[in-house]
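Before any comments, here is the structure.
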Protein chains: 2
Amino acid sequence: MTTVLIADDQPMQRFGFRMLLESQDDMTVVGEASNGTEAIRLVDRHHPDVVLMDIRMPGLDGIEATRRIVATGDRTRILIVTTFDLDEYAYDGLRAGASGFLVKDAQPEELLAGIRAVASGDAVVAPSLTRRLLDAYIHHLPSSATAEQNPEDPRLASLTEREREILTVIGQGWTNTEIAERLHLAESTVKTHVGRILAKTGARDRVQAVILAYDTQLVTPA
Amino acid sequence: MTTVLIADDQPMQRFGFRMLLESQDDMTVVGEASNGTEAIRLVDRHHPDVVLMDIRMPGLDGIEATRRIVATGDRTRILIVTTFDLDEYAYDGLRAGASGFLVKDAQPEELLAGIRAVASGDAVVAPSLTRRLLDAYIHHLPSSATAEQNPEDPRLASLTEREREILTVIGQGWTNTEIAERLHLAESTVKTHVGRILAKTGARDRVQAVILAYDTQLVTPA
DNA sequence: CTCCCCGTCGTACCCCGGTACTACACCGAC
DNA sequence: GTCGGTGTAGTACCGGGGTACGACGGGGAG
């Protein structure tokens with residue numbers, strides 16, 4: 001039996017959660033809190049498996065409450081359930097030690113699955129936030145292949161000397177017209193070079209080519 | 001209608017996926033591949049919304065196939081579905097550009113929800129992996145508190161929080177369309193933000209904005 | 001010598017990016 | 001209450017960027 005504590009300042013929201021959870025025969029609601037301080041007290045008393053934690057509550061908010069509950073070393077897991085997936089506090093909640101972050105407009109089944117996952121030690125994140133998380137930290141993910149950071153980056157290996165030259169000035173923000181003028185070329189020639197650079201490096205457009213130029217240290221930040 | 005391509009070397013597995021997907025009236029299977037090479041070819045032909053990608057396949061595996069499909073700039077999203085959640089290649093798959101990672105023993109509803117999330121530009125990660133992801137990178141999560149303490153480059157001083165967020169993803173090479181999708185905005189809104197960013201920073205176009213993002217360390221080389 | 005890569009240039013075409021507006025809801029400051 | 005900043009969204013327009021072709025001279029490798 002999974003014991004759950006509901007922490008939300010909106011009574012109707014608590015009621016909805018309680019109805020949903022009580023309809024499951026493997027879950028039971030052991031208490032309701034309307035602010036962070038109350039949540040901490042009830043966790044200390046009941047030691048629930050999971051806390052459904054709202055972020056925006058009067059007095060002590062859900063983030064700080066999460067932080068303090070986690071700090072006690074209690075086995076209670078915190079699942080943050082808030083209204084907006086773009087809430088800036090989402091990151092803070094996870095950093096505070098929450099085991100999950102879901103949005104309130106999620107399907108009831110998703111919420112229930114999230115509670116069960118969190119209760120069993122796993123973690124869940126709303127898809128909309130997962131996207132941003134991955135985008136922000138994809139480059140920090142460990143790689144099974146040893147990351148090579150050679151002076152000659154393999155991503156530039158197939159470029160000719162001229163193409164590398166063009167990529168450098170692209171990385172400095174020049175337009176095709178400017179490149180043509182300053183390098184005494186026809187703009188069509190510049191376009192040909194740019195096209196080949198994109199094809200060889202896999203960059204989609206000159207923006208990604210600029211990023212590649214920085215990542216490979218072909219150009220360096222000012 | 002969400003179009004899906006199934007890439008798995010086990011015929012029975014493909015059959016199971018196909019039966020599940022075809023039972024949904026908002027999904028249709030546009031093809032099946034038994035290895036990575038075939039998957040790439042079928043993506044190029046059908047441009048499906050989502051690819052259900054197995055990792056372990058003879059010849060070209062799912063990771064490399066993902067990498068190459070993503071590199072084409074095609075709008076196709078890759079959802080990796082594999083047998084073992086402990087598979088070391090999971091990280092590689094996400095780094096290769098996959099929009100999600102699920103395990104095959106997930107509930108059918110989870111799989112369907114994952115496909116829909118990925119098709120709409122979001123991302124999904126299996127709870128068991130999410131736990132490990134958070135544990136490993138929790139300390140790298142941005143904090144709204146620390147963000148305020150960061151010494152600000154004067155060139156970014158006039159930008160609002162939202163504009164800084166947009167500039168960050170511009171610095172990661174996203175197109176306006178992608179920004180709109182992944183941040184759940186209208187493209188016109190994105191253009192408004194981009195226009196204000198350029199006006200405030202003096203950047204001529206998004207290319208120079210990327211350079212500015214690097215120079216001010218709003219984004220850092222990989 | 002012949003082949004092929006490289007660098008050059010051209011045309012045609014389409015789409016994305018950027019600009020120039022307007023508009024509206026929200027919210028905090030005055 | 002009014003005002004301004006912010007975030008959202010829309011329409012219309014145009015130019016640059018990127019693609020898909022083809023073409024040609026030079027030069028090194030076979």
Side-chain angles (χ1 to χ4, degrees), chain A residues 56 83-90 128 132 156-213, chain B residues 44 47 71-76 121 144 147-148 152 156-213:
Chain A
R56 296 180 183 174
T83 306
F84 309 101
D85 66 339
L86 294 180
D87 199 317
E88 263 82 25
Y89 296 136
S128 53
R132 298 200 294 157
L156 304 180
S158 62
L159 296 184
T160 67
E161 208 50 46
R162 189 58 158 169
E163 286 162 356
R164 216 162 302 196
E165 191 180 348
I166 302 287
L167 178 54
T168 302
V169 295
I170 290 177
Q172 288 164 0
W174 298 15
T175 65
N176 288 340
T177 307
E178 287 171 345
I179 297 174
E181 284 177 357
R182 303 185 194 180
L183 265 53
H184 306 292
L185 294 175
E187 185 169 349
S188 61
T189 303
V190 177
K191 285 191 172 187
T192 301
H193 283 309
V194 173
R196 287 177 185 160
I197 291 170
L198 300 184
K200 286 183 178 179
T201 60
R204 179 175 49 195
D205 49 38
R206 70 195 298 116
V207 172
Q208 293 194 346
V210 170
I211 294 172
L212 180 68
Chain B
D44 185 54
H47 303 286
T72 64
D74 199 293
R75 306 180 64 76
T76 296
S144 61
E148 297 168 7
E152 277 185 0
L156 303 180
S158 60
L159 296 184
T160 69
E161 207 53 45
R162 190 57 157 170
E163 286 162 355
R164 216 159 302 191
E165 191 180 346
I166 303 287
L167 178 54
T168 302
V169 296
I170 289 176
Q172 287 164 0
W174 298 16
T175 65
N176 287 340
T177 307
E178 286 171 345
I179 297 174
E181 282 180 358
R182 302 185 191 179
L183 263 52
H184 304 293
L185 295 174
E187 186 170 350
S188 60
T189 303
V190 177
K191 284 191 172 186
T192 301
H193 284 308
V194 172
R196 288 178 185 159
I197 291 170
L198 299 184
K200 286 183 178 179
T201 61
R204 177 175 51 193
D205 50 36
R206 71 196 297 114
V207 172
Q208 293 195 346
V210 170
I211 294 172
L212 180 68

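As a basis for the values below, the full set of heavy atoms in this structure was taken, side chains included, without hydrogen atoms, waters or symmetry mates. Chain naming here is simple, since letters A, B, ... match the order of the sequence lines and numbering starts at 1 in each.
A/His184 has its NE2 atom 12 Å from the P atom of C/dC9, to the nearest Å. Atoms CD (A/Glu187) and P (D/dG18) sit 11 Å apart, rounded to a whole Å. Atom CG of A/Leu198 and atom C1' of D/dA20 are 14 Å apart (whole Å). In this structure, A/Ile166 places its CD1 atom 14 Å from C1' of C/dC9, rounding to the nearest Å. In this structure, the CZ atom of A/Arg204 is 13 Å from the C1' atom of C/dC15, given to the nearest Å. In this entry the distance linking CG of A/Leu185 with P of C/dC6 reads 17 Å, nearest Å. Protein atom CD of A/Gln208 is 11 Å distant from nucleotide atom P of C/dG17, rounded to whole Å. Regarding B/Ile197, its CD1 atom lies at a distance of 13 Å from the C1' atom of C/dG17, rounded to whole Å.
Across A/Ile211 and B/Gln172, no two heavy atoms sit closer than the pair CD1-C, 3.3 Å.
Checking side-chain atoms of B/Arg204 against main-chain N and O of A/Gly173 turns up a donor-acceptor pair under 3.5 Å. Between the A/Asp205 side chain and the A/Gln208 main chain, a donor and an acceptor come within less than 3.5 Å of each other.
Residue A/Thr160 is in sugar-phosphate contact alone, with no base atom involved, counting any heavy-atom pair closer than 4.0 Å across all strands shown. Residue-level contact check: A/Thr175 touches the backbone only, with heavy atoms under 4.0 Å from sugar-phosphate atoms and none from bases.
In this model, the phosphate group of D/dT8 is approached by a side-chain N or O of B/His193 to a distance below 4.0 Å at OP1 or OP2. The phosphate of C/dC16 (OP1 or OP2) has no side-chain N or O of B/Asn176 nearer than 4.0 angstrom. OP1 or OP2 of C/dG7 has not a single side-chain nitrogen or oxygen of A/Arg196 nearer than 4.0 Å. Residue B/Thr189 places at least one side-chain N or O closer than 4.0 Å to OP1 or OP2 of D/dA9.
No N or O donor and acceptor, one from the side chain of A/Arg206 and one from the base of D/dT19, sit under 3.5 Å apart.
B/Ile166 places none of its side-chain heavy atoms less than 4.5 Å from the side chain of B/Leu159. Residues A/Val207 and B/Thr175 fail the side-chain proximity criterion, which asks for heavy atoms closer than 4.5 Å.
Two residues, B/Ser158 and B/Lys191, neighbour DNA chain D, and the one matched to the more 5' nucleotide by heavy-atom proximity is B/Ser158.
Looking at the side chain of A/Glu163, the nearest of the listed nucleotides D/dG10, C/dG7, C/dC9 is C/dG7.
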